Amino acid sequence: MSTDTGLAVTLVRNATVLATVGETTFLVDPLFAEQGATPPIDDTPNDRRNPLVPMPDVDLSHDAVIVTHRHPDHFDDAAREALDADVPLFCQPAEADAFVDEGFTDVRPVEDEASFDGVTLRRTPGRHGHGELAERMGPVSGFVLDGTETLYVAGDTVWYEPVAETLAESDPDAVVLNGGAARFNQGEPITMGVEDVAAVRDATDAAVAVVHMEAINHCLLSREKLRAETEDVLVPEDGERIEF
């Protein structure tokens with residue numbers, strides 16, 4: 001549906017982005033609920049209802065959907081109801097049946113890689129936290145989108161060796177990281193904080209953009225703090241489009 005070419009990312013809200021590679025646009029991790037429509041995530045430092053902010057006025061036209069994992073801040077009931085049932089939907093193999101059960105008719109689980117409209121999608125590993133907590137958070141994935149240029153959407157992961165390996169192997173032109181340093185009352189953050197982002201920045205020559213901030217109650221790292229404590233990192237506002 002996109003008439004643009006090249007490589008671009010529009011941050012919608014939280015981890016919801018529109019990723020355009022060449023002439024193909026992927027809607028990633030759709031969270032469509034209205035501001036305050038869902039309860040706060042439990043066992044976290046505050047009890048603010050989610051999402052914390054409204055949806056921006058963004059054209060959500062897309063050719064396909066990618067869901068990195070089915071946590072409710074990455075795929076919610078409002079998105080399920082709004083999306084076309086026959087939209088090509090790429091996901092983790094372990095979660096494919098759940099989408100089929102919800103009525104989606106073109107579910108495409110990605111074991112290793114898939115192709116769509118001139119773009120190769122490669123599923124990449126992620127670790128959603130540290131230690132035992134990461135195990136409890138369940139499987140998560142990122143995706144490398146390789147077309148005329150290459151975009152690495154890391155998904156909900158902290159910095160660890162497989163992220164470094166993905167950066168080295170895919171040599172992306174741009175990287176989208178999920179920041180926010182999301183956390184519970186106990187344990188370490190389950191998404192990237194300042195040190196994780198800095199490690200990615202040091203490991204690649206790609207442009208680095210950070211999303212997943214200031215939209216869900218357990219994401220405690222602000223855009224202002226991230227901008228102040230990192231260099232050469234893009235931190236878009238909701239609704240902002242970045243052309244790489």
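Just so you know, these numbers use all the heavy atoms, side chains as well, and skip hydrogens, waters and symmetry mates. Note that the structure is predicted; figures quoted are calculated from it, not measured. Throughout, numbering of the chain's residues begins at 1 and tracks the sequence.
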Applying side chain to side chain donor-acceptor pair (under 3.5 Å), can you list everything that pairs with R70, at least two apart in sequence or on another chain?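 Result, side chain to side chain donor-acceptor pair (under 3.5 Å) vs R70: E102.
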Positive for salt bridge (charged side-chain N to carboxylate O under 4.0 Å, His left out) with R80, one of D76, D84, D77: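 Exactly one candidate clears the test, D77.
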Rounded at 0.5 Å granularity, tell me how far [atom1] in [X] sits from [atom2] in [Y].
{"X": "H71", "Y": "I216", "atom1": "NE2", "atom2": "CD1", "result": "12.5 Å"}
{"X": "E224", "Y": "R227", "atom1": "CD", "atom2": "CZ", "result": "8.5 Å"}
{"X": "L52", "Y": "R13", "atom1": "CG", "atom2": "CZ", "result": "9.5 Å"}
{"X": "L151", "Y": "F244", "atom1": "CG", "atom2": "CZ", "result": "6.5 Å"}
{"X": "D171", "Y": "E169", "atom1": "CG", "atom2": "CD", "result": "11.0 Å"}
{"X": "D86", "Y": "D106", "atom1": "CG", "atom2": "CG", "result": "7.5 Å"}

Quick one: do [X] and [Y] end up in the same hydrophobic cluster if we chain Ile, Leu, Val, Met, Phe, Trp and Tyr together by side-chain heavy atoms under 4.5 Å apart?
{"X": "L177", "Y": "L31", "answer": "no"}
{"X": "I242", "Y": "V144", "answer": "no"}
{"X": "V9", "Y": "V235", "answer": "no"}
{"X": "L18", "Y": "V87", "answer": "yes"}
{"X": "I66", "Y": "V176", "answer": "yes"}

Would E113 and R123 pass as an ion pair if we require N to O under 4.0 Å?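 Salt bridge: no.
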Regarding D112 and R122, does a basic nitrogen lie under 4.0 Å from an acidic carboxylate oxygen?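 No, D112 and R122 are not salt-bridged.
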Is there a donor-acceptor contact under 3.5 Å from the side chain of [X] to the main chain of [Y]?
{"X": "S141", "Y": "Q92", "result": "no"}
{"X": "Y152", "Y": "A206", "result": "no"}
{"X": "D196", "Y": "G193", "result": "yes"}
{"X": "R201", "Y": "E231", "result": "no"}
{"X": "R183", "Y": "H218", "result": "no"}
{"X": "H128", "Y": "I190", "result": "yes"}
{"X": "E135", "Y": "E132", "result": "no"}
{"X": "E214", "Y": "S222", "result": "no"}

Before giving the answer on side-chain contact (heavy atoms from CB on, under 4.5 Å), spell out for C91 and V107 the whole-Å C-alpha distance, their side-chain angles and the decisive distance to 0.1 Å. CA-CA 8 Å; C91 63; V107 178; 3.9 Å; yes
Among N14, D29, D156, T191, exactly one meets side chain to side chain donor-acceptor pair (under 3.5 Å) together with N178. Which residue is that?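 Of the listed residues N14, D29, D156, T191, the side chain to side chain donor-acceptor pair (under 3.5 Å) partner of N178 is D156.
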Go through H69 and E95 one step at a time and tell me if the side-chain contact (heavy atoms from CB on, under 4.5 Å) criterion holds. CA-CA 8 Å; H69 65 299; E95 297 178 333; 4.2 Å; yes
The test is side chain to side chain donor-acceptor pair (under 3.5 Å); show your working for T20 and T25 and say whether it passes. CA-CA 4 Å; T20 298; T25 296; 2.8 Å; yes
Smallest separation among heavy atoms of [X] and [Y], with atom names:
{"X": "P109", "Y": "P93", "value": "CB-CA, 3.7 Å"}
{"X": "W159", "Y": "A203", "value": "CH2-CB, 3.8 Å"}
{"X": "H212", "Y": "A15", "value": "CD2-CB, 3.8 Å"}
{"X": "R241", "Y": "A8", "value": "NH2-CB, 3.4 Å"}
{"X": "A85", "Y": "G103", "value": "CB-O, 3.7 Å"}
{"X": "L221", "Y": "A181", "value": "CB-CB, 3.8 Å"}

Apply side chain to side chain donor-acceptor pair (under 3.5 Å) to the pair T120 and D146, showing each step before the final yes or no. CA-CA 5 Å; T120 299; D146 193 7; 5.7 Å; no
Determine whether [X] and [Y] make a side-chain contact, defined as any pair of heavy atoms from C-beta on separated by less than 4.5 Å.
{"X": "R108", "Y": "L89", "value": "no"}
{"X": "P189", "Y": "V158", "value": "no"}
{"X": "H130", "Y": "R127", "value": "yes"}
{"X": "V65", "Y": "L83", "value": "yes"}
{"X": "D238", "Y": "V12", "value": "no"}
{"X": "M192", "Y": "T157", "value": "yes"}
{"X": "M55", "Y": "E34", "value": "no"}
{"X": "L145", "Y": "T150", "value": "no"}

Between N217 and T44, does a side chain to side chain donor-acceptor pair (under 3.5 Å) hold up when you go through it step by step? CA-CA 8 Å; N217 74 295; T44 54; 2.9 Å; yes
Look at atom [atom1] of [X] and say whether more than 12 heavy atoms of other residues, nucleotides or ligands are closer to it than 6.0 Å.
{"X": "N185", "atom1": "CG", "result": "yes"}
{"X": "D205", "atom1": "CG", "result": "no"}
{"X": "E229", "atom1": "CD", "result": "yes"}

Can you classify the ring geometry of F116 versus F90 as parallel (below 30°), tilted (30 to 60°) or perpendicular (above 60°)?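 Perpendicular, since the angle between the ring planes exceeds 60°.
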Would you say the ring centroid of F143 lies under 6.0 angstrom from that of F26?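 That pair fails the under 6.0 Å test.
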Name of the residue among T10, V28, L27 meeting side chain to side chain contact (heavy atoms under 4.5 Å, CB included) with T16: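 The single option meeting the side chain to side chain contact (heavy atoms under 4.5 Å, CB included) with T16 is L27.
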Criterion side-chain contact (heavy atoms from CB on, under 4.5 Å) on T68 and V140, from CA distance to verdict: CA-CA 6 Å; T68 63; V140 295; over 6 Å; no
V175 and L167: side-chain contact (heavy atoms from CB on, under 4.5 Å), yes or no, with the steps? CA-CA 9 Å; V175 180; L167 290 167; 3.8 Å; yes
